[in-house]
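Order of the sequence lines fixes the chain letters, A, B, ..., with proteins taken first and strands second; residue numbering starts at 1 for each chain.
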There are 2 protein chains.
Amino acid sequence: MIKKIGQCNSLQVLKDAKLSRTSQRVAVLDMLINAERPLTVIQIFRNINFHQKIHKVTIYRILSSFVAKDIARGIPTDEGINYYEMACRHNPVHAHFYCKSCKKMFCLDPATSSRAIELFADLNGFKIEALSLNITGVCSNCNKGGSL
Amino acid sequence: MIKKIGQCNSLQVLKDAKLSRTSQRVAVLDMLINAERPLTVIQIFRNINFHQKIHKVTIYRILSSFVAKDIARGIPTDEGINYYEMACRHNPVHAHFYCKSCKKMFCLDPATSSRAIELFADLNGFKIEALSLNITGVCSNCNKGGSL
DNA sequence: ATAATAAATGCAATTAAATTGCAATTATTA
DNA sequence: TAATAATTGCAATTTAATTGCATTTATTAT
């Protein structure tokens, strides 16, 4: 597991991506930057709306634009829910573990992940746009009777 | 890419899994056994209903029971669609490539896949129930102007 | 074989994530 | 500061997947 630390400046990230600085985009981006693990639209929606009102559709659109601009990455689960994480240089592509019990998405060791991913680097003629190595199961905490 | 050959007997597979032999289950299973690549519920529905009438919900339920009995594996895409393939010993767990253009799900080399998967075998206390290594992009055929 | 029981299927309605069109609002620019 | 462009909010829609229930089909015990 890797511990994520917020090292990005949301205003600078938006400026670099040529995305206008709206309070909604800043709020979503700050939440991603400071998140310990990937978040869902609903999680972002609930947390932000505790302080500030943002429409759920706006969060979908903001996250889509972040993915398009390579600011964020989407991590789909086999339960049909998408999680999002920062895609900055401090957070290289890596595999994830999704706990069916507590619904948390854990980030796995980037070193091991990158070795796994390198194995598929050459895909003769195939253009790789996204790579997701996703493991589903029950995390150690839930396994011990945490929340099952 | 691996070439799948139908080596299973649908009636025997159902018997071994203690699932009753209905015409619907046999039809779905035969289609999976003879498929060249993973299929979606809709693809199975359209192909079967060309000859025989089966309700779409039944296919969802049959595939769920197949996955529960380890007869089939589900492969989710980042577009929210599930593909299904046989999980027999002739078809070990492997990675997949999903072409956003032609919507085909390709099976990747099981040898390379298994080496990648082994890297995550020990996940200290985490109980692995499913592992999906999924690559999305554009396949070589579509890349050459096939269907973009 | 046949009746009784259990399981599977078909159908309608629903759920939930995600998307779309459009009007209103907010940000950027000239 | 006005004009233009981009973004947001809202309502409605889309689509994969699920659920409850009546009907049909398969399995079993007699």
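- Evaluation of the side-chain contact (heavy atoms from CB on, under 4.5 Å) rule for A/A17 yields A/L19, A/K69, A/I71 as partners, not counting sequence neighbours.
- Contacts of B/K104 classified as salt bridge (charged side-chain N to carboxylate O under 4.0 Å, His left out), with partners at least two apart in sequence or in another chain: none.
- Among the protein residues, B/R25 comes within range of the sugar-phosphate backbone only, with heavy atoms under 4.0 Å from sugar or phosphate atoms but none that close to a base.
- Defined by atom type and a distance below 3.5 Å, a donor-acceptor pair is missing between the side-chain atoms of B/N134 and A/S132.
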As a quick check of understanding, evaluate side-chain hydrogen bond (donor to acceptor under 3.5 Å, both in side chains) for A/H96 and A/E85, giving each step before the final call.
CA-CA 11 Å; A/H96 294 90; A/E85 69 179 359; 3.0 Å; yes

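- Under the salt bridge (charged side-chain N to carboxylate O under 4.0 Å, His left out) criterion, B/E118 pairs with no residue at all, not counting sequence neighbours.
- With sequence neighbours excluded, the residues forming a salt bridge (charged side-chain N to carboxylate O under 4.0 Å, His left out) with B/K103 are B/E79, listed by chain and number.
- Between the side chains of A/Q12 and A/D16, a donor-acceptor pair is found at a separation under 3.5 Å.
- Between the NZ atom of B/K15 and the P atom of C/dA7 there is a distance of 19 Å, rounded to whole Å.
- B/R73 is not listed as a side-chain neighbour of B/V67, based on a closest heavy-atom distance of 4.5 Å or more.
- Side-chain contact annotation: B/S10 with B/D30, donor-acceptor N/O pair under 3.5 Å present.
- The shortest side-chain heavy-atom distance between B/F97 and B/C107 does not fall under the 4.5 Å cut-off.
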Protein-nucleotides 28-30 of chain C N/O pairs under 3.5 Å:
{"unit_1": "C/dT28", "atom_1": "OP1", "unit_2": "A/R21", "atom_2": "N", "d": "3.4"}

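- An angle of 30°, rounded to 10°, separates the two end axes of the helix from C/dA1-D/dT30 to C/dA30-D/dT1, each defined over five pairs.
- For the segment residues 51-60 of chain A, residues with any heavy atom less than 4.0 angstrom from an atom of DNA chain D are, sorted by number, A/K53, A/I54, A/H55, A/V57, A/T58.
- Residues of residues 39-47 of chain B having a heavy atom closer than 4.0 Å to DNA chain D: none are found.
- A sub-4.0 Å separation between OP1 or OP2 of C/dA17 and a side-chain N or O of A/N82 is absent.
- Distance, B/K18 NZ to C/dA6 P: 19 Å, rounded to whole Å.
- Contact annotation: A/Q24 does not reach the phosphate of C/dT26 (side-chain N/O to OP1 or OP2, under 4.0 Å).
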Extract from the structure each pairing of a protein N or O with an N or O of nucleotides 1-4 of chain C at less than 3.5 Å, listing the distance.
none

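- As rounded to whole Å, 15 Å separates atom P of C/dT26 from atom CD1 of A/I62.
- Between B/I44 and B/L63 there is a side-chain heavy-atom pair separated by less than 4.5 Å.
- In this structure, B/R61 has no salt bridge (charged side-chain N to carboxylate O under 4.0 Å, His left out) partners at least two apart in sequence or on a different chain.
- Here chain A contacts DNA chain D (any atom closer than 4.0 Å to a heavy atom, that is under 4.0 Å), and the contacts span D/dT7 to D/dA11 from 5' to 3'.
- Grouped by direct or indirect side-chain proximity (heavy atoms under 4.5 Å, Ile/Leu/Val/Met/Phe/Trp/Tyr only), A/Y98 sits with A/I75, A/I81, A/Y83, A/M105.
- Between B/V138 and A/F126 the shortest side-chain heavy-atom distance does not fall below 4.5 Å.
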